[in-house]
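Below you'll find the structure, written out as structure tokens, and then a few comments.
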Amino acid sequence: TLIATDLNDKACDPVSFTITNTPLSLTMGDVADVMMGSMSMDIPVTFDGSDASKLQVMRMVGNTAQGVTTTIKSNEGNNYVLTADLDVENKSQEVFVTFGGIKNTASQVVDIIVPDYTLNFAPADVWHNRATFTVKATDAAYQSIVEKYISFYINSGNKWEEFNPVTTGNGYSISGLAAGSTYQFNSSCLDNGSDLASNTAVSINTESQLALPNPNFDNWTQWFSETINKGGEYAIAFGNKQEETTVTSSNPSGWATVNAKTVPTSPKTKNTWYMVPSTLPTTGINGNAVMMRNVAWDNNGSTPPGESWGNVAFGNSLEKLDAPSIAYRSAGKLFLGDYSYNHSNNSEVYNEGISFVSRPTKLTGYYKYTAQGNDTHGIAIITVEHRASNGEVITLATTTKALTPTANFTAFELPLNYTNTGYKATHLRVMFASSNYASTNQAYETQNIVTVDNRGEAVSLGSELCVDNLSLIY
């Protein structure tokens, strides 16, 4: 009831009226999940007040409510859509709406949508101790968002552990892996890895640190042994003498040589001048080493010159006999693979390389070299290859080294620089040769390789290369 008075204290009749209080209604509708990295979210509300400009979205940070810049995006009657400007990052957001701090809605947790993406390990990008990989968003528009929030996990047993890879030009890399091991990789884009369990893990196998066969050359396989004439006949008291000796030839286990060429087993004349092992065991640093040497040989040689009793006085020897004419000269070779020689038509087949699925960084070992004739060095070559199913051979890394003269075993190494990292290794080639004129062309070797006649031993030999203690370094 109200009564009005004037300046003279005269009052009007009392006036009575009734105020009806209608409660303010403010509710928040279901908020749609928001894409990770979004800078805003739309929130539907129902509000029957008269000043919607006082509506504000609040975000919970811990136990504290923080106001967010809010604009009215649209409204129809009492139905409004508010736009809240906030960086949702990669975390679920708890929000509510307030009307000037007088009226609040219940809070609601808004979940985050992670864009689809894949974790990719190309087979050739997995080495013995490291791997590189890429992350690719299905929709390229979200690539930078995924890269911003992604975290990585590794499992080599029964436990996932987060790791921080090194960012490369086109992806990521991880090092320190164990050779010949299986690892699982996974990733998460949500805070605290909360989506890890629902993501699909990727499994990889690191390359093993494979070794060369018989690298110390302690194991040999004999393939030929026969007692044959040594040089020509020479005069002795009241007669002639033909010396004999046993020629044996062996190959180091796991390696190929050209002994099948330089030791013809069925030549026209079986004589030491014509049947000479070009690769053989010798004394190494500790145990055996392998010797390669330039040799003269002939599968069609004639009986060597001699001197019979009656033509010269007795007391002759092999040293006094002339050397025969020998048709061929060859370098001693040692290589991975297979070799065959056909003496009926003097054709040879080199099948170089062995199956090998690792990628070493260098070949090391020890050598000594003695040069003869016009040789200046021996040769060492290593090549890592990828042999495709269509027959194409792709060189991944290769190195050639000149092994110059040295009287004592000397360390050497052939580093491998992988100029093509887009393929896995399938084969390894290693070749050593006793001459810088070594070739797969026999005519070229005969023309250029020089040997020196040793009449006392009835052989013609040249440069010698000894190799021992080979290792592949990873």
Side-chain angles (χ1 to χ4, degrees), residues 222-251 257-282 291-333 341-348 370-375 434-435 437 442-465:
Q222 180 177 295
W223 67 277
F224 176 80
S225 179
E226 187 173 337
T227 299
I228 61 174
N229 289 340
K230 182 179 180 180
E233 288 187 353
Y234 57 87
I236 58 174
F238 306 105
N240 297 328
K241 180 177 182 179
Q242 174 64 66
E243 292 190 25
E244 293 183 338
T245 189
T246 299
V247 173
T248 62
S249 183
S250 300
N251 293 326
T257 73
V258 295
N259 282 337
K261 173 172 63 177
T262 63
V263 187
T265 57
S266 300
K268 174 183 176 182
T269 303
K270 291 188 176 183
N271 195 279
T272 56
W273 282 110
Y274 307 131
M275 304 166 66
V276 188
S278 52
T279 302
L280 63 160
T282 188
M291 174 192 288
M292 292 146 276
R293 60 187 183 182
N294 296 348
V295 301
W297 62 276
D298 198 338
N299 64 323
N300 198 37
S302 300
T303 301
E307 293 289 352
S308 62
W309 185 82
N311 292 331
V312 297
F314 65 86
N316 213 340
S317 65
L318 288 175
E319 286 86 351
K320 296 181 181 180
L321 301 180
D322 290 334
S325 175
I326 308 174
Y328 303 105
R329 303 292 187 276
S330 293
K333 297 185 181 80
Y341 193 88
N342 187 337
H343 284 280
S344 64
N345 59 12
N346 286 334
S347 62
E348 58 188 333
T370 301
Q372 292 278 4
N374 53 357
D375 274 329
S434 57
S435 172
Y437 291 102
Q442 180 55 56
Y444 177 85
E445 288 193 333
T446 297
Q447 179 181 355
N448 291 282
I449 289 176
V450 175
T451 59
V452 177
D453 297 335
N454 183 333
R455 297 185 181 187
E457 295 300 324
V459 293
S460 189
L461 304 174
S463 303
E464 295 180 351
L465 171 65

Test log, rule side-chain contact (heavy atoms from CB on, under 4.5 Å), inputs Ser225 and Thr246: CA-CA 7 Å; Ser225 179; Thr246 299; 3.6 Å; yes

Exercise: identify the closest heavy-atom pair between Pro267 and Asp298: CB-O, 4.2 Å

Interatomic spacing from CD in Gln222 to CG in Asn251 - rounded to 0.5 Å: 10.5 Å

Distance-minimising heavy-atom pair for Glu319 and Arg455: O-CD, 3.4 Å

Shortest non-hydrogen contact from Leu461 toward Val295: CD2-CG1, 3.8 Å

Tyr234-Glu243 side chain donor-acceptor pair, cut-off 3.5 Å: yes

Asn299 vs Tyr328, side-chain contact (heavy atoms from CB on, under 4.5 Å): CA-CA, chis, key distance, verdict: CA-CA 9 Å; Asn299 64 323; Tyr328 303 105; 3.8 Å; yes

Tyr341: ring-ring contact (aromatic ring centres under 6.0 Å, His included) partners, not counting sequence neighbours: Trp297, His343

Approximate separation, where rounding is to 0.5 Å, of Leu465 CG and Thr370 OG1: 9.5 Å

Partner residues of Trp273 under the ring-ring contact (aromatic ring centres under 6.0 Å, His included) criterion, sequence neighbours left out: none

Test log, rule side-chain contact (heavy atoms from CB on, under 4.5 Å), inputs Ile228 and Thr272: CA-CA 7 Å; Ile228 61 174; Thr272 56; 4.1 Å; yes

Test item: Val450 and Tyr437 side chains (from C-beta on) under 4.5 Å apart, heavy atoms: no

Distance, nearest 0.5 Å, that separates CE of Met292 from OG1 of Thr279: 6.5 Å

Heavy-atom pair with the smallest gap, counting every atom of Gln442 and Arg329: NE2-O, 2.7 Å

Rounded distance (nearest 0.5 Å) linking atom NZ of Lys261 with atom CG of Asn342: 13.0 Å

Gln372-Thr451 side chain donor-acceptor pair, cut-off 3.5 Å: no

Check against side-chain contact (heavy atoms from CB on, under 4.5 Å), Thr265 and Glu226: CA-CA 9 Å; Thr265 57; Glu226 187 173 337; 6.0 Å; no

Donor-acceptor under 3.5 Å (Asn448 side chain, Tyr444 main chain): yes

Non-hydrogen side-chain atoms of Ser434 and Asn294 separated by less than 4.5 Å: yes

Heavy-atom pair of closest approach, residues Leu318 and Gly231: CD2-CA, 4.1 Å

Min side-chain heavy-atom separation Asn259-Phe224 under 4.5 Å: no

Approximate separation, where rounding is to 0.5 Å, of Ile326 CD1 and Thr446 OG1: 11.5 Å

All side-chain hydrogen bond (donor to acceptor under 3.5 Å, both in side chains) counterparts of Glu457, not counting sequence neighbours: Lys230

Over all atoms of both residues, closest heavy-atom pair of Val247 and Met275: CG1-O, 4.0 Å

Spatial distance of atom NZ (Lys333) from atom OG (Ser278) [nearest 0.5 Å]: 8.0 Å

